[in-house]
Structures are given as C-alpha cells and as structure tokens.
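First up is the structure itself, then whatever we jot down about it.
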Number of protein chains: 4
Amino acid sequence: MGRLTKEPELRYTTGNNTAVASFTLAVNRRFAQEGQPKADFINVVAWSKTAEFVGKYFTKGIQVAIVGRIQTRTWDDNEGKKHYVTEVVAEEAYFADSKRSGETGGGSPAPRTYSENPPSSGDGFYPIDEDDELPF
Amino acid sequence: MGRLTKEPELRYTTGNNTAVASFTLAVNRRFAQEGQPKADFINVVAWSKTAEFVGKYFTKGIQVAIVGRIQTRTWDDNEGKKHYVTEVVAEEAYFADSKRSGETGGGSPAPRTYSENPPSSGDGFYPIDEDDELPF
Amino acid sequence: MGRLTKEPELRYTTGNNTAVASFTLAVNRRFAQEGQPKADFINVVAWSKTAEFVGKYFTKGIQVAIVGRIQTRTWDDNEGKKHYVTEVVAEEAYFADSKRSGETGGGSPAPRTYSENPPSSGDGFYPIDEDDELPF
Amino acid sequence: MGRLTKEPELRYTTGNNTAVASFTLAVNRRFAQEGQPKADFINVVAWSKTAEFVGKYFTKGIQVAIVGRIQTRTWDDNEGKKHYVTEVVAEEAYFADSKRSGETGGGSPAPRTYSENPPSSGDGFYPIDEDDELPF
DNA sequence: TTTT
DNA sequence: TTTT
C-alpha cells in the first residue's frame, strides 16, 4: 500500500516486446518516530497486462495496493560496477485512492484493478461429490 | 481487499471493556468462471483501537484492505453443539474505496487508515555505526 | 507453518479426476497465555500436483509451511443445513520438519517442496536494455 | 524460505546496545528457466531477541523461513555517494531444514523458532459474553 | 447472513 | 475431529 513517487515508466522488452512497467511506491511507516524515516521506497515491476494497466492508469501520487513477490536483480553500470536491486514483482495491482473518484472527462473509465495468472485448473472450484462433505 | 457485506458490529468485552469489531468482507475472485462462486466471504475481527476505527468509519459496501492473520475459534450453540470459526484478525485496516471521496458535510474527516502493534524497539530505525555498510 | 493434525485426505474430483488433498494444520500461537487456545486449526486444500505431493509425503504430525490464499465454501448437510467453511488453498507446500531427515528405507527420496502455477511469461526475467538503469 | 548464503552477522547498536543480525537468503525460484537467475538474494535484518536467536543458531547453508516486512534504507559510502538498500525486517524466524536434525553433541538444544511482538492486549483471546455468539 |  |  503506497503512493507512486512519480509517473510509472512503461517499456517493452527487446526480445518479444513484453510490456514492463516500473515505479516506486512510498509506503508510509505506521509508527514513524521523530528522526526516523517516515516511508519506505519500494521499487515495483509489473509485466505484460499488469504493466499496461499500470502504464495506463497509475499516475504520480495516487495510492495503490500491490500484491506480489520480492525479487532481486543485478546490473552493471558504465564503469562495469555491479549493482544489486531488490524489487517487488506485482502480481496484482489495485487502485486504493479516493483522488481518482469524481473524476470526469474523456476517455473510457479505468478498471479498478488488474492481476495476472489465471488459476490452475481445479482451483477455486470445489468438486461436487457424494462423499464430499470434507468435515475433515 | 473486499467490500463489507453489512455494517460492522462493534462490541466490548465484559472483562476489561476492550472494543471488538466484526464484519464480513466479500472478496471478489479474480478469475471467477461461470457456475462458480464469484466471491469469498471472509470474517474479520478487529480489536481495541482498530475496532473503534472500524466501528466509526467502515460501513456496508465500502471497499477496504485488511492485513492480518488467520485464527480459529470454537463456540457452542444453545444445543451445546460446537461450532468452528475461521477468521482474520485485522492488524491493519485501510480504506480502499473511491466512494468516500468527494464526501462533504458535517463531522470530522475520517482518517484513512488504522493499525495496531507499535513496533518493538529497534524496529524501523537502523543503527548508525562505523562498520555499518552491510553491502552484504 | 504448522503440524498436520492427522493424515491428509486425498481424493479425486468426479468430473475430470483432479486430485484434491485436504488436511488441517495446528498452527501454534506465538504468545499463547494461560487459559487461551494454544493453536489455530487451519484447514488446507491442495489441488492437482500439489495435492498429489501432499498425499504422498505429508503425514500426521510433521511440520510444514504452506503459502496460499483464503477461500470460503458452502455445503449442505443431510438435514439441508448450510455450512460455511473457510480454508486455505495451498499454492506452495514445503516440508519444514527435521523428523523426516535421517530417514532411511525403501522408496524414492521425497522432494522437499511443491508448488503450482508456473509464472506468466516475462516473469522473473528482466529485459536487458540500453536505457535500463532504473535507478528509480 | 531460503538458505543462508553465509554466516549471519551479529552486531549491537551503539546507542542502546540492541542486537542486530543481518544475513542474506538465497531463495530459489520456483520455475527458473535456462539462462535465468535461479535464486533471489534477499537481505534480512533481525532485531533484539530475534537477532540473538539468529546469531546463535543460524548458520551458513541452512534453510530457514522468515516472516517479515520490506523496508528501505539509505547509506553514504566513503565518497559520499548515497546507496539504497531494500531488505526484509524479520518478525518471525524459523528453522526449516533437516540438516540440523540428528545433530548431537554438547550445548543446549536450539529452540526451533523465534518471533517478536507479543500481541496487543485483547488479541488472540475472544471475549466470553452472554450475547457473544458472533454468528455474524 | 452476503459486497460492487 | 486436533499437531509437537
């Protein structure tokens, strides 16, 4: 849960042209004390459909909720120095902000949410069966 | 992330008069298929300050985000039959709804969030130390 | 994180013969006080491959770690009374127990883990790109 | 869930001498493909009691389970350059490894787990009350 | 007993 | 119906 520190960046992979969105979330600490940081700045990456959703509807300052997993990456700068990056890969992205509401004007209304990974078969549907009571 | 199926109930323990709020969240399934349930109905309990926040600001139909842990309970009905309940104990509660915005009228503005458990000492503040680089 | 209260049940859906495993986890409370419950009893369901993994290797009493999501279900008993069940659908299942080790005897060694849902394409692999610095 | 990449470092804050443990977890990716990274390297920090637990019992290579939250920090190197660090603050730490078992020899047996933050009052104990059924 |  |  946090606010975008700036506009998200939307790019496409060179290989198969997959959409990638990246942005940073300012996540306010719940019990920040005097003289301590008041927020964490979490880097988030989203892929394909989620990336496009982000690129289209997320803007600087709005509050969003992200569900995802932590990942790390390495990249080399111009001087050949290795950098380590820890970021969250978004599996679900939600609006969680009231600033968007009351919004008017052109354009189709933004869907409120996006997530990847349709569940594997069987998931979410319980087998109807005679001896299916499962009062384990 | 879900919507309140009805007004939350706010009560107080007999012993030390701690506030307890309980409500149910309709959490829409992300990939509901035809003929399958389209939502899960998650029971949530909140305690003390979080409970009061909930009782004061949460209302039927609004969308909220809850962070918490799963717990189970047992209770006996009038016929002495044992019932098993699984519920989420809310550690954090957030508004995540646009309906509240644009809101006008009397009353003090609602805070947007509440959470319990101030962190244990040391938490959230990193020691400044000479050999503190931790470039792992 | 918890221990199986009994052997898991492995069944198959009537329709497409998908494996379904169900079991209960005794999750010990971290700060149980006198006179309070010392554990939560969380019902878990696993599907297809994860279910088969569970059915094959999980046994009463061992400690396991489950990553998943909460879901609810409804079923009617013989008297037509509706029952509400809240359970965790396992997306990942791990051994987290030392009792298995040192184990000898016939049979192939158990893999230590199982999980469903191969990630969507693009996931987990970052595009190498010229302007890819992302030092946010 | 991952393995320590090396021995954890245990230090104490200069101010109030709070224990701080830091270590890195190699978290194997579940569906690593050819040519992709097979693990994420997650930096973890633990405080006070949890830190001491870690310093005492966690060693290179063992598998552990960590429950915590993401945090970010900033530090300046010798040349005054700012560095950004994202890490997990451990709220719970568990052994999840079979290598420790069968272990013999001197020393007191290691507890299997540690966690911080005793719950706020009211938590985990449900009020007994006449009209307390909560069949919401 | 279910929300939009 | 509950595990160590």
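A note on names: the letters A, B, ... follow the listed sequences, proteins ahead of strands, and every chain is numbered from 1.
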Does Lys81(C) have any salt bridge (charged side-chain N to carboxylate O under 4.0 Å, His left out) partners at least two apart in sequence or in another chain, and if so, which? none

Counting only side-chain heavy atoms from C-beta out, which of [options] sits nearest to [X]?
{"X": "Lys60(B)", "options": "dT3(E), dT2(E), dT3(F)", "result": "dT3(E)"}
{"X": "Phe41(C)", "options": "dT3(F), dT2(E), dT3(E)", "result": "dT3(F)"}
{"X": "Thr24(B)", "options": "dT2(E), dT1(F), dT3(F)", "result": "dT2(E)"}

So, taking the atom named CD in Glu52(C) and the one named OH in Tyr12(C), what distance separates them when rounded to the nearest 0.5 Å? 5.0 Å

Would you call the rings of Trp75(B) and His83(B) parallel, tilted or perpendicular, taking 30° and 60° as the class edges? parallel

Take atom [atom1] of [X] and atom [atom2] of [N], then tell me their distance rounded to the nearest Å.
{"X": "Ile62(C)", "N": "dT2(F)", "atom1": "CD1", "atom2": "C1'", "result": "16 Å"}
{"X": "Leu25(C)", "N": "dT4(F)", "atom1": "CG", "atom2": "P", "result": "12 Å"}
{"X": "Arg3(C)", "N": "dT4(F)", "atom1": "CZ", "atom2": "P", "result": "7 Å"}
{"X": "Phe95(C)", "N": "dT4(F)", "atom1": "CZ", "atom2": "P", "result": "16 Å"}
{"X": "Met1(C)", "N": "dT3(F)", "atom1": "CE", "atom2": "P", "result": "19 Å"}
{"X": "Phe23(B)", "N": "dT1(E)", "atom1": "CZ", "atom2": "C1'", "result": "16 Å"}
{"X": "His83(C)", "N": "dT1(E)", "atom1": "NE2", "atom2": "C1'", "result": "15 Å"}
{"X": "Lys6(C)", "N": "dT1(F)", "atom1": "NZ", "atom2": "C1'", "result": "4 Å"}

Considering only heavy atoms and no angle criterion, is a donor-acceptor pair shorter than 3.5 Å present between the side chain of Lys38(C) and the base of dT3(F)? yes

Sorted by chain and residue number, the side chain to side chain contact (heavy atoms under 4.5 Å, CB included) partners of Thr86(C) (sequence neighbours excluded) come out as Thr86(B), Ile70(C), Thr72(C)

